[in-house]
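Report on one structure; see the data block that follows.
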Amino acid sequence: MIPVLSNEPKETNMTDAQATALKIATVLWVIWGLVHAFAGVIVLTSGASSGFAAIADVVDPAALAAEYHPAVGGLLKQHGWNLMWFGVATIIGGVLIWRGNITTIWVTGMVGGPADLATCCSSISPAT
């Protein structure tokens, strides 16, 4: 049997307040995704010095201007790729959450949540 896709909304047991909170969370996920996808594109299209300056925007760009080993540029491009796909995945997840896909709430949280976990943990750990 072939499943039939319909545009009719699925019935959920959410209150109006829960549905509104979900819409607000969706908007925040899409904004988070846009910021990260944009940052990923910037890092992917920049050289190593410019990429570091884009990531570490509070550091004087002149302090980062140097000739870096090609492997450093490769790692930076990998970081840009990860930023971009995390962002795109959460944008898609946000759209699907808005349309009422409950499973996507969890999937988007599992992609977007841990994406910045390393940044948060490294920001609060003591410097060595």
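All figures in this text were calculated on a predicted structure; none of them were measured in a lab.
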Lys23 (side chain) donor-acceptor with Gln18 (main chain) under 3.5 angstrom: no
Cluster check Val107, Phe86: I/L/V/M/F/W/Y, side chain < 4.5 angstrom: no
Closest heavy-atom pair and its distance - Val41, Thr45: O-OG1, 2.8 Å
Steps toward side-chain contact (heavy atoms from CB on, under 4.5 Å) verdict (Val30, Thr90): CA-CA 6 Å; Val30 170; Thr90 55; over 6 Å; no
Mutual orientation of the aromatic rings belonging to Trp32 and Trp29 [parallel < 30°, tilted 30-60°, perpendicular > 60°]: perpendicular
Nearest heavy-atom neighbours spanning Pro114 and Gly109: CD-O, 3.5 Å
Spacing of Leu96 atom CG and Asn101 atom CG [to the nearest 0.5 Å]: 5.5 Å
Trp81 reachable from Val111 in the ILVMFWY side-chain graph, under 4.5 Å edges: yes
Side chain to side chain, Trp98 and Val27, heavy atoms closer than 4.5 Å: yes
Within one Ile-Leu-Val-Met-Phe-Trp-Tyr cluster: Val95 and Ile92, side-chain cutoff 4.5 Å: no
N/O donor-acceptor pair under 3.5 Å between Thr108 side chain and Ile105 backbone: no
side-chain contact (heavy atoms from CB on, under 4.5 Å) evaluation trace for Arg99 with Thr104: CA-CA 10 Å; Arg99 296 180 73 193; Thr104 311; over 6 Å; no
Point-to-point distance, once rounded to the nearest 0.5 Å, from CD1 of Ile42 to CG of Leu83: 10.0 Å
Taking every non-hydrogen atom, the tightest pair across Leu44 and Lys77: O-NZ, 2.7 Å
Distance (rounded to the nearest 0.5 Å) between Ile31 CD1 and Ile91 CD1: 11.0 Å
Student check: side-chain heavy atoms of Val43 and Met84 closer than 4.5 Å: no
